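Encoded as structure tokens, the structure appears first; notes follow it.
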Amino acid sequence: QVQLVESGGGLVQPGGSLRLSCAASGSIFSINAMGWYRQAPGKQRELVADITWGGSATYADSVKGRFTISRDNAKNTVYLQMNSLRSGDTAVYYCVANLRAGSAYAFRNYWGQGTQVTVSS
């Protein structure tokens with residue numbers, strides 16, 4: 001019933017910027033938090049940033065000062081503004097939402113399909 005749709009990925013040059021969006025749709029009762037993970041080839045998936053619906057944000061050390069996460073509560077949408085991109089940021093970025101569906105009695109995580117971010121000259 002719940003779907004997460006990501007957009008904004010693509011190819012960008014080193015030092016460039018990219019803005020990712022993720023919108024949760026369907027029967028949603030309440031959102032606790034949303035965030036972004038990424039996975040590069042041959043590496044484990046890692047947390048990039050997340051944000052509670054109250055606005056408290058957490059960042060991986062590798063992206064602090066370069067990335068900014070934000071959310072629009074009314075649109076059930078989370079954004080990731082990515083600046084000063086490096087080749088090490090190349091990965092598939094996955095959106096995750098911790099929410100309670102309309103007919104559910106508990107919160108659980110929902111995942112997007114992922115969007116490719118490639119940083120290359």
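Since the model is a prediction, treat every value here as computed from it, not as a measurement. Only heavy atoms go into these numbers, but all of them, side chains included; no hydrogens, no water, no symmetry mates.
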Which heavy atom in [X] sits nearest to a heavy atom in [Y], and how many Å separate them?
X	Y	value
S21	Y79	OG-CD2, 3.3 Å
S70	I51	CA-CD1, 4.1 Å
S121	P14	N-CD, 3.7 Å
N83	S17	OD1-OG, 2.9 Å
L4	A97	CD2-N, 3.6 Å
A91	A40	CB-N, 3.8 Å

Heavy atoms from other residues, nucleotides or ligands near [atom1] of [X] exceed 12 (cutoff 6.0 Å):
X	atom1	result
Q1	CD	no
Q3	CD	no
Q81	CD	yes

For F107, is the NZ or CZ atom of R100 found under 6.0 angstrom from the centre of its six-membered ring and inside 45 degrees of the ring axis?
->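 Here R100 fails the 6.0 Å and 45° test against F107.
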Listed once per pair and sorted, the salt bridge (Lys or Arg N to Asp or Glu O under 4.0 Å) pairs that draw on residues 64-73, sequence neighbours left out |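 Sorted pair list: D61-K64, R66-D89.
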Report the C-alpha distance between T52 and N32 in whole Å, list the side-chain angles of each, state the deciding distance to 0.1 Å, and finish with yes or no for side-chain contact (heavy atoms from CB on, under 4.5 Å).
-> CA-CA 6 Å; T52 70; N32 179 52; 5.6 Å; no
Measure the spacing between [atom1] of [X] and [atom2] of [Y] and express it to the nearest 0.5 Å.
X	Y	atom1	atom2	answer
S7	L20	OG	CG	8.0 Å
C22	W36	SG	CH2	5.0 Å
T68	R19	OG1	CZ	11.5 Å
L99	Y110	CG	OH	5.5 Å
N98	I31	CG	CD1	9.5 Å
D50	T58	CG	OG1	4.5 Å

Should [X] and [Y] be counted in the same cluster of Ile, Leu, Val, Met, Phe, Trp and Tyr side chains packed under 4.5 Å apart?
X	Y	result
V5	W111	no
L18	Y59	yes
L85	L80	yes
V48	V119	yes
V96	V117	no

I69 and V78: side-chain contact (heavy atoms from CB on, under 4.5 Å), yes or no, with the steps?
-> CA-CA 7 Å; I69 190 169; V78 66; 3.7 Å; yes
With the side chain counted from C-beta on, respond yes when E46 and Y37 share a heavy-atom pair under 4.5 Å apart, and no when they do not.
->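 Side-chain contact under 4.5 Å: no.
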Carefully, step by step, assess T115 and V92 under the rule side-chain contact (heavy atoms from CB on, under 4.5 Å).
-> CA-CA 5 Å; T115 184; V92 177; over 6 Å; no
Quick check: does any side chain N or O of E6 sit under 3.5 Å from a backbone N or O of Q113, one acting as donor and the other as acceptor?
-> yes
Counting N and O atoms only, with roles assigned by atom type, does the side chain of T90 sit under 3.5 Å from a partner on the main chain of G88, one being a donor and the other an acceptor?
-> no
Those residues at least two apart in sequence (or on a different chain) that pass side chain to side chain donor-acceptor pair (under 3.5 Å) with S62 are R38
Could you give me the CA-CA distance, side-chain angles and deciding distance for N73 and W53, then say whether side-chain contact (heavy atoms from CB on, under 4.5 Å) is met?
-> CA-CA 7 Å; N73 291 198; W53 240 228; 3.6 Å; yes
Sequence neighbours excluded, every pair satisfying disulfide (SG to SG under 2.5 Å) that has a member inside residues 25-78 |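 Matches after skipping sequence neighbours: none remain.
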Hey, what's the ring geometry for F67 with Y93, parallel, tilted or perpendicular (30° and 60° as the breaks)?
-> tilted
